[in-house]
Amino acid sequence: MSALNLYDTATRQVGKFTPIKSGEVSIYVCGATVQASPHIGHIRSAINFDTLRRWLIKSGYNVTFIRNVTDIDDKILQKAAQEKTPWWALAMKYEREFTAAFDAVNVRPPTYEPRATGHITAMVELMQILIDNGSAYAPGNGDVYLEVRTVKRYLTLSGQRIDDLLPATDDDLATSKKRDPRDFALWKSAKPGEPSWPTPWGAGRPGWHLECSAMAHAYLGESFDIHGGGLDLIFPHHENEIAQSEAAGYGFAKRWLHNAWVTQSGEKMSKSLGNSLLVAVILQRVRGIELRWYLGSAHYRSMLEYSESALDESAIAFRRIESFLKRSAETLGKIPDSVVSDSFAAAMNDDLAVPAGLATISENLRLGNQGITDADTAAISKNASEIRGALEILGCDPFDSHFAGSARSDLTAAMDGVIKLALAERASARDRKDFAASDAIRDGLLALGITIEDTAQGPRWSIMEKS
RNA sequence: GGUCGGGUGGCCGAGAGGCGAGGCAAGGGACUGCAAAUCCCUCUACACGGGUUCAAAUCCCGUCCCGACCUCCA
């Protein structure tokens, strides 16, 4: 099998992936700030990194996957005040929504999912190191800032120069205790009524960036293999994580991966633009497995332009594949094995080139369907197995127990018996060329959501998917 | 202003010096009582203008257009 090559935002090049420790991969992904319901952009990010994780595991690595939850920040406090609910209740409510959304699209739970508020001690320790070595300062008002000009390398990920940055506008420079307007808050002093935790520099709460440095260090150590997140996190969030962590003497992330947006009319989906499509709403249109297929089918670094018709077409394409697999299982009398083909592996090893991988699935699908027509068991088995192997990596294996649903096999068997009675009636009508009667039976079943197809092996029924 | 992406056929979407990924749609055909499903065949491209090269969608220069980030963001 060829070796895995991955893009690195820091070098803007695809290069051979070599883990720090042979056979082990450590990943930190910036997860949700739980201040609103998840939209499909959030879920796309999670799917991209879940696919990476699955591929690493399939490639034989032992993967430690950390994805955090930011459960305290300005917006959470703001929204909690608006809704007159405790901030922690609001955060937990949305955290559960994110968990449910991840689950619906078969994103595996991370190895550990740390919350910011559970790691205050680690953050205070990190701030102490930074203050002791002169990288950070506490001006006495309860805030703690990182002094960016003391950092040896700053803005290496986004390729900017510190003097090119537009000066902060949201900061009241006249009253700010910052030494430089580009310095950023590690810790924010508590305003009256706000939650706070005690520190040697005053009571307050974490700045956004500090938590990730502290939690990555807590679970993955001073250096780890991959740090991921959305494109918009490159600056400031990831630059600031690097600044803090490197100033503390940590090696930090060896490679940076960033996923692109889901867009609408070319524009990024975001709550502030009011164009976000909530996962819960989309799931009324297509099944979770279909949403995953749609969101996971684009290359992770390419924008994915959302449209209803693209989603529908994608779902239909997926059902073709699914239908072939189910038919294969019927023909073979067992669920096909899961095999990763060389061509799919080569695609995945090339910076997770999922679209190239989909081309190999198309080829398998064509040959497999041919196999069904020709009753060529070997061809069916080979192609069904290779499709299943690919779908497993993409998190879209219809035989995955995650998607098996609640269909009870005894109910299915009973239904099969009932439908076969109807099909027997239809067969005898067809025998006496009473096509009006036979079509009435087929149409009647169709009205109930059951499709009948006549195959070389006789009629076959299936339940129609929604939409 | 700085930094970073992008513009490919009717649509979606890869590729990154040579032999036109793939899918959807469309047209034709096979199979079928009809349908559905499936298979086979066919068609249509690289924003624009220069340049480099035996050869450019791909490299270089310029232009136009779209988007992202610059302290809320997946």
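By convention in this document, chain letters (A, B, ...) are assigned in the order of the sequence lines, proteins followed by strands, and residues within each chain are numbered from 1.
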(Q) What does the 5'-to-3' dot-bracket notation of RNA chain B look like when only Watson-Crick and G-U wobble pairs under 3.5 Å count, and pairs to other strands show as |? (A) (((((((..(((.....[...))).(((((.......)))))....(((((..]....))))))))))))....

(Q) Any donor-acceptor pair, under 3.5 Å, between the side chain of A:Glu267 and the base of B:G67, if you only look at N and O atoms? (A) no

Q: Could you check which of B:G22, B:A74, B:A36 has an atom nearest any side-chain atom of A:Ala359?
A: B:G22

Q. Just to confirm, is there a sub-4.0 Å distance from OP1 or OP2 of B:G13 to any side-chain nitrogen or oxygen of A:Ser302?
A. no

**Q.** Residues forming a ring pair (Phe, Tyr, Trp, His ring centres under 6.0 Å) with A:Tyr7, sequence neighbours excluded
**A.** none

Q. Less than 6.0 Å separating the ring centroids of A:Tyr219 and A:His119?
A. yes

Q: Take atom P in B:G9 and the same atom in B:A14, then report the distance between them in whole Å.
A: 13 Å

Q.
For a quick test of reading the model: is some side-chain N or O of A:Lys268 closer than 4.0 Å to OP1 or OP2 of B:C69?
A. yes

Q.
Here's a test for you: under side chain to side chain contact (heavy atoms under 4.5 Å, CB included), which of A:Lys268, A:Glu305, A:Arg44, A:Met303 qualifies with A:Val262?
A. A:Arg44

Q: Mind telling me whether A:Phe224 and A:Phe252 have parallel, tilted or perpendicular rings, with 30° and 60° as the class edges?
A: perpendicular

Q) Can you find a donor-acceptor N/O pair under 3.5 angstrom joining the side chain of A:Asp439 to the base of B:G33? A) yes

Q. Would you call A:Arg96 and A:Asp103 a salt bridge, taking side-chain N to carboxylate O under 4.0 Å as the test?
A. no

Q) Does A:Arg287 count as lying over the ring of A:Phe318, i.e. NZ or CZ under 6.0 Å from the six-ring centre, within 45 degrees of the axis? A) no

Q.
Any donor-acceptor pair, under 3.5 Å, between the side chain of A:Arg442 and the base of B:A35, if you only look at N and O atoms?
A. yes

Q) Taking RNA chain B as the partner, which of residues 366-377 of chain A come within under 4.0 angstrom of it by heavy atom? A) A:Arg366, A:Asn369, A:Gln370, A:Thr373

**Q.** Selected nucleotide, minimal atom distance to A:His209 side chain, candidates B:U71, B:G33, B:C72
**A.** B:U71

Q) Is A:Lys188 salt-bridged to A:Glu194, cutoff N-O under 4.0 Å? A) no

Q | Out of B:A35, B:U71, B:A37, whichever nucleotide has its closest atom nearest the side chain of A:Arg327 | A | B:A37

Q. Quick one: on RNA chain B, does A:Gly41 or A:Tyr7 contact a more 5' nucleotide (nearest heavy atom)?
A. A:Tyr7

Q: Could you please name the option among B:A74, B:C72, B:G13 that lies closest to any side-chain atom of A:Asn259?
A: B:A74

Q: Look at the aromatic rings of A:Tyr145 and A:Tyr137 and report parallel, tilted or perpendicular, splitting at 30° and 60°.
A: tilted

Q | Nearest-neighbour nucleotide for the A:Arg426 side chain, B:U71, B:G33, B:A74 considered | A | B:G33

Q: Return no unless some side-chain N or O of A:Arg320 is found under 4.0 Å from OP1 or OP2 of B:C24.
A: yes

Q: Side chain of A:Gln160 only, please: which of B:G23, B:G2, B:C34 is the nearest?
A: B:G2

Q: Determine, using ring centers only, whether A:Phe65 and A:Tyr112 are less than 6.0 Å apart.
A: no

Q. Heavy atoms under 4.0 Å, any strand shown: does A:Val262 hit a base, just sugar-phosphate, or nothing?
A. base

